[in-house]
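Everything numeric in this text was worked out from a predicted model, so none of it was measured.
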Amino acid sequence: MEAQYRPADVERSAQQAWEASGAHRAVETPGKPKYYCLSMFPYPSGKLHMGHVRNYTIGDVLTRFHRMRGYNVLQPMGWDAFGLPAENAAMANGVPPAKWTYDNIAYMKKQLKSLGFALDWERELATCRPEYYRWNQWLFLRMLEKGIAYRKTGVVNWDPVDQTVLANEQVIDGRGWRTGAVVEKREIPMYYLRITDYAPELLTALDSLPGWPERVKLMQANWIGRSEGVNLAFPYTLEGESKLLRVFTTRADTLMGVTFAAVAAEHPLATFAARNNPPLAAFVEECKQGSVMEADMATLDKKGMDTGLTVTHPLTGAEIPVWVGNYVLMGYGEGAVMGVPGHDERDFAFAKKYGLPIVQVTEVPGKPFSLDGWQEWYADKTSCRCVNSGKYDGLDYQAAVDAIAADLGAKGYGEKQTTWRLRDWGISRQRYWGTPIPLIHCDACGDVPVPDDQLPVVLPEDCVPDGSGNPLRNRPDFLDVDCPKCGQPARRETDTMDTFVDSSWYYLRYACPDNAASMVDDRVPYWMPVDQYIGGIEHAILHLLYSRFWTKVMRDLGLITVDEPFANLLTQGMVLNEIFFRKEGARLVYFNPADVEIRTDDKGARIGAVLKRDGQPVETSGIGTMSKSKNNGVDPQALIEQYGADTARFFMMFTSPPEQTLEWSDSGVEGSYRFLRRVWVFAQEQSATIGAVAGTTFTAADATLRREVHTVLKQATYDMERKQFNTVASAGMKILNALQDAVGTASAAALREGTGILLRVLYPVTPHLTHVLWSELGFGSDITVAPWPDVDAAALDRSEIELVLQVNGKLRGSITVAKDATREAIEHLALENPNVQKFVDGQPVKKVVVVPGRLVNVVV
RNA sequence: GCCCGGGUGGCGAAAUCGGUAGACGCAGCGGACUUAAAAUCCGCCGGUGGGAAACCGCCAUGCCGGUUCGAUUCCGGCUCCGGGCACCA
């Protein structure tokens with residue numbers, strides 16, 4: 001036995017034992033309850049960051065806890081290996097994305113192993129392998145056959161200098177990241193998946209997910225965005241032809257207040273009007289500049305220009321001017337909106353800016369309407385009544401919508417409609433490092449799907465992107481192919497798939513990663529659904545929604561039977577660290593917190609911070625997510641090397657509950673290390689006493705220790721079940737404190753019992769340390785198969801309890817009573833209490849509230 | 001701009017159903033051990049007023065208001081911070 005705690009030795013020994021016994025292999029065992037514990041797979045960016053350590057420690061704690069509880073647990077790991085950073089690295093270093101990616105995977109796998117996660121590495125997968133992505137291609141072709149995948153144009157960010165499509169991330173303040181050129185919107189052909197067909201189910205099925213956080217379900221519901229309204233038409237005549245300008249509105253009750261219509265810059269009406277109107281043509285061009293990001297669109301200055309054209313109001317017959325608005329998007333509905341400046345905040349501002357009429361058509365009693373400024377209630381639809389609306393005057397929101405929809409319907413100018421905010425999923429990317437879209441372009445036959453027997457379409461792994469577009473375009477060996485239909489020379493599609501495709505079904509493939517003949521097999525129904533999914537809150541919408549959609553498509557294709565992929569979801573908070581900087585001229589220079597020393601006053605309150613190197617002050621701009629740009633990252637590798645994996649894991653679990661953000665603290669890490677060392681030293685010092693004891697005969701002197709240990713165990717069990725691991729970690733500290741206090745008074749049997757509980761409570765968090773101590777103290781040969789300890793209810797029993805005394809809700813003392821004392825006896829004791837009497841001060845007692853087991857409140 | 005979440009001591013946090021606010025830890029202060037340092041151990045540790053002390057009072061969970069015998073917890077409004085916004089993953 002080592003007297004000193006040496007994490008490196010302990011962890012090597014434990015990991016070798018697990019490796020040798022195959023402790024983490026998951027084998028389908030019908031009849032045994034299964035638990036599929038999945039953490040979001042990492043993007044192989046180079047090395048693990050603290051967010052990974054946190055994510056995978058949470059998963060590992062759940063995995064090991066459920067094994068203790070008798071579940072057959074699967075915890076797999078893989079690599080979300082396609083993506084933009086590999087291309088950026090290629091541009092920077094000239095290394096092919098494939099090599100960069102595979103090197104990163106090898107390094108990060110080593111790191112994951114050093115953290116001791118109970119992963120079944122035999123199921124490892126990487127999405128950049130043809131064995132994996134061939135099934136992306138295969139399923140895409142099935143979707144194409146079913147009409148779920150289809151082709152249409154989409155808008156992308158276009159860098160006019162580099163002549164390439166930019167990702168949103170590559171657009172900074174409306175300009176290309178490398179060229180600085182103003183980005184343009186450009187329409188190109190793309191492939192889309194009809195996720196909108198699944199919108200109703202994606203929305204209603206949220207109710208079947210009690211294990212998901214409410215806030216995530218709420219975000220998804222808002223994202224899907226069901227809204228009921230009226231699709232209505234403004235008729236107009238263009239070059240002698242009768243046409244309809246269609247708009248959707250949720251406020252048909254305000255139709256009588258329409259004073260203009262606005263169309264997107266790309267709308268045919270705008271194009272027509274701009275033909276002989278150079279200023280308008282210039283404005284339309286201006287609208288096409290800037291990024292396609294919604295946040296940019298929503299915050300940009302609302303601008304418009306009159307087209308000079310008019311449409312006819314469908315009910316009043318009035319002429320309504322048509323404007324081009326930079327805030328109207330062609331992709332939503334039909335690219336046109338009706339303007340009701342009296343009751344829509346955006347329209348109000350637009351009308352004020354351009355001098356358009358503003359008409360009040362609803363009112364809320366007692367609230368004056370004024371054109372001076374926007375008031376929240378103008379848009380109210382809960383207590384409003386129509387005014388200035390002719391026959392609709394006096395109707396409330398719903399009655400007005402019904403009546404107006406009916407009148408529009410009678411004229412053929414509209415009907416009620418349910419619409420969704422959700423848009424179809426565009427999966428085409430004009431990039432190299434992704435799954436090739438399995439299509440062939442033939443001059444004679446058009447877009448021809450690659451036949452199944454020619455899958456996978458293998459991505460060449462030796463390309464090096466240079467920023468000038470997709471390098472596949474310069475690869476004749478990839479491009480040139482015979483048309484599968486007519487046999488004539490044709491061209492392969494060079495677009496690849498969105499990497500969200502890869503991550504939309506990887507959790508299914510872990511069940512059968514070795515199956516070369518089919519995408520899924522009968523091992524999938526054994527493991528699915530995922531019982532616990534763990535990942536960053538930043539994935540609350542897109543990845544999770546796409547995965548749900550993909551699952552439903554595969555179900556409808558008869559490939560799987562589950563409706564939802566993830567039964568329970570835990571969204572972990574981000575890992576933050578302080579940001580230190582100095583202004584050097586115009587730019588900010590950031591310093592890593594490890595190089596900064598905090599100055600405090602004699603109460604420990606911070607008074608400043610200096611750079612260790614030169615002793616000069618640095619400024620802080622608060623805390624933020626660990627990032628390269630802010631130089632506030634902490635490398636997990638250094639942490640593991642200095643303190644060991646168990647300390648890293650313990651610190652991560654102890655410092656914050658899983659769903660909250662976690663703030664880095666060097667001294668917090670040292671505190672965690674100190675605690676684990678105390679556990680080790682305690683076990684060594686006591687091993688002679690408790691290592692050999694058999695039996696569970698306790699003495700009267702053991703009652704205090706046993707009550708404390710079992711009370712804490714009960715709480716820790718509850719906390720483990722609700723995944724509040726920070727208090728599980730502190731439970732370990734409390735048990736150790738109790739054990740140390742009891743040395744000398746409690747019997748060896750009680751100390752042994754408490755130590756066994758301590759090791760098993762800590763095991764899911766710090767498996768290495770507890771694995772070694774468990775066998776050294778003779779509890780058993782292998783803690784990985786030990787059960788979670790049971791609470792001994794008898795140890796919790798008390799004959800007397802303490803009740804808090806309050807007068808008017810303020811704490812005024814306490815009394816000790818027998819645990820089965822009657823209400824009358826308690827009231828009597830409380831009223832007799834001198835301190836209570838002092839504060840009652842002779843006033844008449846109005847009532848006495850007795851909360852059993854807790855308190856007595858005397859109200860005067 | 002829109003959607004979602006959060007704010008409790010010097011710091012990370014705890015408080016399970018509305019019932020003793022601050023468990024556990026970090027930092028700090030005081031002490032023991034030591035030639036010394038490190039490590040370890042013991043004690044104190046929200047603010048404020050009174051008191052020599054024991055102790056007693058008042059204030060305090062971002063801000064303002066409400067419900068309640070009683071609010072960190074429930075409701076309304078505000079404010080600041082964080083996440084997402086469809087081509088970062």
Side-chain angles (χ1 to χ4, degrees), chain A residues 40 42-43 45 80 83-85 88 154 156-157 165-171 213-216 218-219 221-223 225 292-300 327 345-346 422-423 425-431 498-500 503 536-543 545-546 571 573-574 576 598 600-607 622-625 654-657 659-663 665-672 674-675 677-678 681 715 718-719 722 724 726-727 729-734 737 802-811 813-814 846-849 851 854-855 857-860:
Chain A
M40 290 182 185
Y43 177 78
S45 54
D80 189 11
L84 199 54
N88 294 340
V156 294
N157 301 304
V165 174
L166 296 178
N168 281 341
E169 189 190 50
Q170 298 170 323
V171 178
E214 280 307 317
R215 62 171 161 152
V216 173
L218 201 52
M219 280 192 262
N222 288 334
W223 185 263
V292 301
M293 277 184 268
E294 189 186 295
D296 290 344
M297 299 299 294
T299 50
L300 64 79
Y327 61 94
E345 186 169 5
R346 194 167 56 178
L422 183 67
R423 311 199 296 265
W425 175 13
I427 59 156
S428 296
R429 296 290 180 271
Q430 297 68 46
R431 274 182 243 301
D498 180 5
T499 57
F500 276 123
S503 55
I537 181 66
E538 66 273 19
H539 295 289
I541 297 177
L542 292 178
H543 161 62
L545 193 65
Y546 291 145
T571 48
M574 325 226 355
L576 312 179
I598 304 298
T600 60
D601 63 17
D602 59 6
K603 286 185 173 174
R606 171 186 297 207
I607 51 177
I623 52 167
T625 54
F654 176 65
T655 303
S656 258
E659 305 222 306
Q660 275 185 37
T661 54
L662 181 150
E663 285 173 45
S665 154
D666 284 326
S667 52
V669 173
E670 277 170 37
S672 297
R674 204 175 302 152
F675 168 67
R677 197 164 51 197
R678 276 177 62 208
V681 170
Q715 182 67 41
Y718 177 79
D719 288 341
R722 64 174 176 154
Q724 187 170 290
N726 55 328
T727 46
S730 50
M733 292 175 163
K734 288 178 185 176
N737 289 346
E802 191 188 31
L803 292 180
V804 160
L805 297 178
Q806 295 183 338
V807 177
N808 285 346
K810 289 203 172 206
L811 178 66
S814 65
K846 286 187 195 144
K847 69 170 164 176
V848 179
V849 180
V851 183
R854 288 215 178 256
L855 57 73
N857 187 14
V858 179
V859 184
V860 294

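For the C1' atom pair drawn from B:A38 and B:C33, the interatomic distance equals 13 Å after rounding to whole Å. The separation of B:G84 from B:U72, taken at their C1' atoms, amounts to 28 Å, rounded to a whole angstrom. The P atoms of B:C44 and B:U34 are separated by 24 Å, rounded to the nearest whole Å. Taking atom C1' in both B:G28 and B:G9, the straight-line distance is 13 Å, to the nearest Å. Spacing between B:G62 and B:A52 at atom P, rounded to whole Å, works out to 36 Å. B:G18 and B:G30: their C1' atoms are spaced 41 Å apart (whole Å). Across B:U68 and B:C63, the matching P atoms stand 23 Å from one another, rounded to whole Å. As rounded to the nearest Å, B:U73 and B:G66 have P atoms that lie 14 Å from one another.
More than 12 heavy atoms of other residues, nucleotides or ligands lie within 6.0 Å of CZ in A:R722, so this atom counts as buried by the packing criterion.
The base of B:C69 sits within donor-acceptor range of the side chain of A:N857, with an N or O pair under 3.5 Å.
Where A:M293 and A:A298 meet RNA chain B, the nucleotide closest to each residue was compared, and A:A298 sits on the side nearer the 5' end. Judged by closest nucleotide on RNA chain B, A:V804 is the one of A:H539 and A:V804 placed further toward the 5' end.
Taking atom CG of residue A:L422 and atom C1' of nucleotide B:C85, one finds them 13 Å apart after rounding to whole Å. Rounding to whole angstrom units, CD1 of residue A:I537 and P of B:C81 are separated by 20 Å. When the C1' atom of B:C81 is taken as reference, atom CE of A:M574 falls 14 Å away, rounded to whole Å. Taking atom NE2 on A:H543 and atom P on B:C85, their separation rounds to 14 Å, with Å as the unit. When rounded to the nearest whole Å, the span between CD of A:E802 and C1' of B:U20 equals 8 Å. The separation between A:E345 atom CD and B:G1 atom P is 10 Å, rounded to whole Å. Separating the CG atom of A:L218 from the C1' atom of B:G5 is a distance of 10 Å, rounded to the nearest angstrom. Across the protein-nucleic acid pair, A:W223 atom CH2 and B:G84 atom C1' stand 7 Å apart, rounded to whole Å.
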CA sep, side-chain torsions, deciding dist, call: A:Y327, A:M297, side-chain contact (heavy atoms from CB on, under 4.5 Å)
CA-CA 6 Å; A:Y327 61 94; A:M297 299 299 294; over 6 Å; no

Show your reasoning for whether side-chain hydrogen bond (donor to acceptor under 3.5 Å, both in side chains) applies to A:Q724 and A:T727.
CA-CA 6 Å; A:Q724 187 170 290; A:T727 46; 3.1 Å; yes

Polar atoms only, N or O, under 3.5 Å: list the protein pairs with nucleotides 13-15 of chain B and their distances.
from	atom 1	to	atom 2	distance (Å)
B:A13	OP1	A:S656	OG	3.3
B:A13	OP1	A:Q660	OE1	3.4
B:A13	O3'	A:N726	ND2	3.2
B:A14	OP1	A:N726	ND2	2.8
B:A15	OP1	A:R722	NH2	2.6
B:A15	OP1	A:Q724	NE2	3.1

What pairs of nitrogen or oxygen atoms, one from the protein and one from nucleotides 53-62 of chain B, lie under 3.5 Å apart?
from	atom 1	to	atom 2	distance (Å)
B:C58	OP1	A:R812	NH2	3.3
B:C58	OP2	A:R812	NH1	3.4
B:C59	OP2	A:K810	NZ	2.8

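As judged by a 4.0 angstrom heavy-atom cut-off over every strand, A:S428 is placed among the base-contacting residues. Within 4.0 Å of A:V681, counting heavy atoms only, lies no atom of the nucleic acid at all. Nucleic acid contact for A:A540: none, since no nucleic acid atom lies under 4.0 Å from a heavy atom of the residue. Within the 4.0 angstrom heavy-atom criterion, only backbone atoms of the sugar-phosphate kind lie near A:R215; the bases stay farther away. Contacts of A:V165 with the nucleic acid, taken as non-hydrogen atoms under 4.0 Å apart, include base atoms. Contact annotation for A:Y43: backbone-only contact, meaning every heavy-atom pair under 4.0 Å involves sugar-phosphate atoms and none involves a base.
With sequence neighbours left out, the side-chain contact (heavy atoms from CB on, under 4.5 Å) criterion links A:A295 to no other residue. Residues meeting the ring pair (Phe, Tyr, Trp, His ring centres under 6.0 Å) test with A:H543, sequence neighbours left out: A:Y533, A:H539. Annotation: side-chain contact (heavy atoms from CB on, under 4.5 Å) contacts of A:M293 (sequence neighbours excluded): A:N168, A:V171, A:S291, A:D296. Take A:Y546 and apply the ring pair (Phe, Tyr, Trp, His ring centres under 6.0 Å) test, not counting sequence neighbours, and it matches A:W425, A:F500. For A:T571, the side-chain contact (heavy atoms from CB on, under 4.5 Å) criterion is met by A:P213, A:R215, A:V216, A:I537, A:L569, A:E659, not counting sequence neighbours. Scored by the ring pair (Phe, Tyr, Trp, His ring centres under 6.0 Å) test, A:W223 finds no partners at all (sequence neighbours excluded). In this structure A:Y43 satisfies the ring pair (Phe, Tyr, Trp, His ring centres under 6.0 Å) test with no other residue, sequence neighbours excluded. Annotation: side-chain contact (heavy atoms from CB on, under 4.5 Å) contacts of A:K847 (sequence neighbours excluded): A:V849, A:V859. The salt bridge (charged side-chain N to carboxylate O under 4.0 Å, His left out) check on A:E294 picks up A:R421, with sequence neighbours excluded.
The distance from the CG atom of A:D498 to the CZ atom of A:R429 is 3.5 Å, given to the nearest 0.5 Å.
Between the side chain of A:S814 and the main chain of A:L803, no donor-acceptor pair closer than 3.5 Å is present.
Syn is the conformation of B:C17, whose glycosidic angle sits no further than 90° from 0. In this structure B:G6 sits in the anti conformation; its chi angle is more than 90° from 0.
Of all nucleotides listed (B:G83, B:C4, B:C24), B:C24 comes nearest to the side chain of A:N737. In this structure, the nucleotide among B:C3, B:C69, B:A86 sitting nearest to the side chain of A:N168 is B:A86. Closest to the side chain of A:Q806, out of B:A86, B:G19, B:G1, is B:G19.
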In dot-bracket form, 5' to 3', how is RNA chain B paired? Count Watson-Crick and G-U wobble pairs only if both distances fall under 3.5 Å, and write | where the partner sits on another strand.
(((((((..(((......[....))).(((((.......))))).(((((....)))))..(((((..]....))))))))))))....

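Under 4.0 angstrom from either OP1 or OP2 of B:C26 there lies at least one side-chain N or O belonging to A:R674.
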